[in-house]
Amino acid sequence: MEKQALEKLRHALLAWYAAENRRLPWRQSSDPYAIWVSEIMLQQTRVETVIPYYQRFLGRFPQIHTLARADLETVLKLWEGLGYYARARNLHKAAGIVCREHGGRLPEDPEQLRRLPGIGDYIAAALASIAFGRPAAVVDGNVKRVLARLFMEKAAVNDSAAKQRFMRLADEILDRHNPGQFNQAMMELGQRICTPRNPVCPVCPIQAFCRAFQEQSVADFPRRLPSKIPPLRKMVFVLIAREDRFLIIRRPNQGLLGGLWELPGQEFQGRKISPEKMAESVRGLTGLIVTTPKLLGNVRHAYTHFRVSADLYCCRYLEGRIVLAGHTAYQWIHPDESSRYAFHKLIHKMGGMVTECGITKFFINR
DNA sequence: AAACCGGGGCC
DNA sequence: GGCCCAGGTTT
């Protein structure tokens, strides 16, 4: 695109943004820490989903020092239900690093930001531009879609080999005098006007510069590589009741759902597990001898790269001492205490089931 | 480069 | 049921 056209495009986009931008909570703050928290939460997560989490989080941890001093358990509880829990673990860890090694202030340089855990190309550029006014172009899902249509870019947006192409395009059109506003304008355009389906081209401020619009081929962009269908995994979980309490265990801090609490459970192959096999499983998972488990029901849940169908059993404790295999902690809790612990979605879905083992409505949703 | 990592809303 | 979302880390 020619220089003059680029200048007009930038001006039109910034004017639209100045007039139409959403007054989002994190835009009311110029505190780099607050902007950082919002950017981490907004990874792969919609604005509407983030808002209540953001407000609770900033209310509880108003400054980077309060976050750095907090227990990981408290941080995870505030993240419960938001997903991608490594974001919370990395944010907590990075807050500690910033407080210990940078005097509590985030570095302003994108390459230094990039070294902190949980900060990649996108968040480094977002913080450098929005919080510090540095000329770094952000490339997220919205920006890639806008660029693909604007330039009729044939590279697929979900092809990691094409990332550099989109970064170069984003850098080329960036308004280097107002990078923070320009980056946010690109993202908000993608979110509200240049949407994946049914884009609202008639009200687009940069319609005149959009090649796909001129060629009447907006629907053909962005291009995507085909994705695979995630496999289905079968799992069993068990509610072990002991008087008016039941057993929960904590996952290790690394990997899937790291640091979250759940009921004992495991994947299984084949069609179904017999109650006798299930009792053996319980012993392997917990070290406990229990009554013959009864099937309570089934829940399903989809993760990014697989789906789960989970049967929930219930039984009562008979004897034995807890011996965990892989998990890092356990608690016998009363249903009233369930809101103190961060559980993952599959466990929340089971919480509504009524048990026949002495505990009814074992799980109290928030 | 590909796999892994959540959850929700939309069509 | 597939697609998409203010992506980053690990292998």
Side-chain angles (χ1 to χ4, degrees), chain A residues 21-22 24-27 35-54 76 79-91 93-94 113-127 129-131 136-146 148 156-164 166-167 170 180 182-192 194-199 222-232 251 253-260 262 300-308 342-349:
Chain A
N21 81 77
R22 301 177 63 184
L24 298 170
W26 41 91
R27 290 185 180 158
I35 298 170
W36 179 26
V37 171
S38 76
E39 293 297 350
I40 299 288
M41 287 187 169
L42 285 162
Q43 275 183 49
Q44 303 297 102
T45 311
R46 286 186 159 73
V47 167
E48 289 70 20
T49 306
V50 165
I51 290 173
Y53 280 90
Y54 173 83
L76 285 175
W79 213 270
E80 182 183 24
L82 198 52
Y84 284 133
Y85 299 94
R87 295 183 295 174
R89 301 194 303 269
N90 284 332
L91 177 61
K93 185 191 290 182
L113 287 164
R114 186 76 176 66
R115 296 192 197 113
L116 292 167
I119 297 187
D121 288 335
Y122 166 78
I123 290 178
L127 278 175
S129 63
I130 298 168
V138 301
V139 179
D140 74 335
N142 287 312
V143 171
K144 279 192 280 194
R145 185 173 56 256
V146 171
V157 288
N158 61 338
D159 182 357
S160 59
K163 186 174 181 182
Q164 290 299 325
F166 288 101
M167 287 181 72
F182 184 87
N183 281 332
Q184 293 183 82
M186 285 287 284
M187 293 189 280
E188 188 154 336
L189 187 76
Q191 182 201 327
R192 293 173 53 192
C194 198
T195 51
R197 287 177 289 258
N198 309 319
R223 299 194 180 180
R224 298 187 61 79
L225 300 178
S227 51
K228 299 167 192 164
I229 296 171
L232 178 68
R251 299 176 65 92
N253 276 335
Q254 302 82 355
L256 181 72
L257 306 167
L260 271 68
E262 63 182 2
R300 288 169 170 271
H301 189 65
Y303 294 94
T304 309
H305 53 296
F306 63 94
R307 296 173 298 138
V308 171
F343 296 93
H344 54 83
K345 191 64 188 178
L346 208 39
I347 306 299
H348 275 279
K349 285 185 176 177

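Proteins get letters first, then strands, A, B, ... in listed order; numbering begins at 1 in each. What you see below is based on every heavy atom in this structure, not just the backbone, and it leaves out hydrogens, waters and symmetry mates.
The CZ atom of R192(A) sits 12 Å away from the P atom of dA6(C) (whole-angstrom rounding). Regarding L189(A), its CG atom lies at a distance of 16 Å from the C1' atom of dC5(C), rounded to whole Å. Rounded to an integer number of Å, the gap from OH of Y303(A) to C1' of dG2(C) is 19 Å. Distance, F343(A) CZ to dG7(B) C1': 18 Å, rounded to whole Å. The CG-P distance, from N158(A) to dC5(C), rounds to 10 Å in whole Å. The distance between atom CG of N198(A) and atom C1' of dC4(C), rounded to the nearest whole Å, is 14 Å. Atom CG of L91(A) and atom P of dG7(C) are 16 Å apart (whole Å). Atom CD1 of I347(A) and atom C1' of dG7(B) are 15 Å apart (whole Å).
The separation of dA6(C) from dC11(B), taken at their P atoms, amounts to 15 Å, rounded to a whole angstrom. The separation of dG8(B) from dT9(C), taken at their C1' atoms, amounts to 23 Å, rounded to a whole angstrom. Taking atom C1' in both dC5(C) and dA1(B), the straight-line distance is 23 Å, to the nearest Å. One P atom belongs to dG6(B), the other to dT11(C), and the distance between them is 15 Å to the nearest Å. Nucleotides dC5(B) and dC4(C), compared at atom P, are 22 Å apart to the nearest Å.
The base of dG7(C) has none of its N or O atoms less than 3.5 Å from a complementary donor or acceptor on the side chain of Y122(A). Taking 3.5 Å as the limit, the base of dG8(B) and the side chain of T49(A) contain no donor-acceptor pair of atoms between them.
Taking a cutoff of 4.0 Å between a charged side-chain nitrogen and a carboxylate oxygen, R223(A) and D159(A) do not qualify as a salt bridge. One finds no salt bridge joining K345(A) and E262(A) here, because no Lys/Arg side-chain nitrogen approaches an Asp/Glu carboxylate oxygen to under 4.0 Å.
For K228(A), the listed nucleotide lying nearest its side chain is dA3(B); candidates were dA3(B), dA6(C), dG6(B). Closest to the side chain of R87(A), from the set dC5(C), dG6(B), dA6(C), is dG6(B). Between dC5(B), dG7(B), dG7(C), one nucleotide has an atom nearer to the side chain of T304(A) than all others, and that is dC5(B). Minimum atom distance to the side chain of H344(A) is reached by dG7(B), of the listed dG7(B), dA1(B), dC10(B).
Comparing A161(A) and A86(A), the nucleotide of DNA chain B nearest to each residue sits closer to the 5' end for A161(A). Closest-nucleotide positions on DNA chain C for L116(A) and E48(A) were compared, and the one nearer the 5' end corresponds to E48(A). Sequence order on DNA chain B of the closest nucleotides to A302(A) and D159(A) puts D159(A) first from the 5' end.
The side-chain heavy atoms of Y53(A) and W79(A), taken from C-beta on, include no pair separated by under 4.5 Å. At least one side-chain heavy atom of L256(A) sits under 4.5 Å from a side-chain heavy atom of F306(A). Residues Q43(A) and L82(A) form no side-chain contact, since every pair of their non-hydrogen atoms from C-beta on lies 4.5 Å or further apart. Within the 4.5 Å cutoff, the side chain of K144(A) has heavy atoms near those of the V139(A) side chain.
The phosphate of dG7(C) (OP1 or OP2) has no side-chain N or O of K163(A) nearer than 4.0 angstrom. Listed pair R307(A) / dG1(C) meets the phosphate criterion, a side-chain N or O lying under 4.0 Å from OP1 or OP2. Residue H301(A) places at least one side-chain N or O closer than 4.0 Å to OP1 or OP2 of dG7(B). Put simply, Y84(A) has no side-chain N or O that comes within less than 4.0 Å of OP1 or OP2 on dC4(B). Checking the phosphate oxygens (OP1, OP2) of dA3(B), no side-chain nitrogen or oxygen of H305(A) falls inside 4.0 Å. Between K345(A) and the phosphate of dG8(B), there is a side-chain N or O to OP1/OP2 separation shorter than 4.0 Å.
Under the 6.0 Å cut-off for aromatic ring centres, W26(A) and Y54(A) qualify, their centroids lying closer than that.
Residue contacts shown for N183(A) are absent, as no nucleic acid heavy atom lies under 4.0 Å away. Among the atoms of the strands shown, base atoms are found under 4.0 Å from some heavy atom of W26(A). Using a 4.0 Å heavy-atom cutoff across all strands shown, L346(A) reaches no nucleic acid atom at all. Among the heavy atoms of the strands lying under 4.0 Å from Q191(A) is at least one base atom, whether or not backbone atoms are also near.
With respect to Q191(A), the side-chain contact (heavy atoms from CB on, under 4.5 Å) criterion is satisfied by exactly one of R145(A), R22(A), R46(A): R22(A).
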Walk me through whether H301(A) and Y303(A) qualify under ring pair (Phe, Tyr, Trp, His ring centres under 6.0 Å). CA-CA 7 Å; H301(A) 189 65; Y303(A) 294 94; 4.9 Å; yes
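Within a heavy-atom distance below 4.0 Å of DNA chain B, the residues of residues 37-46 of chain A found are Q44(A), T45(A), R46(A).
Scanning all heavy atoms of the two residues, the minimum distance from L76(A) to G259(A) falls at CD1-O, 3.6 Å.
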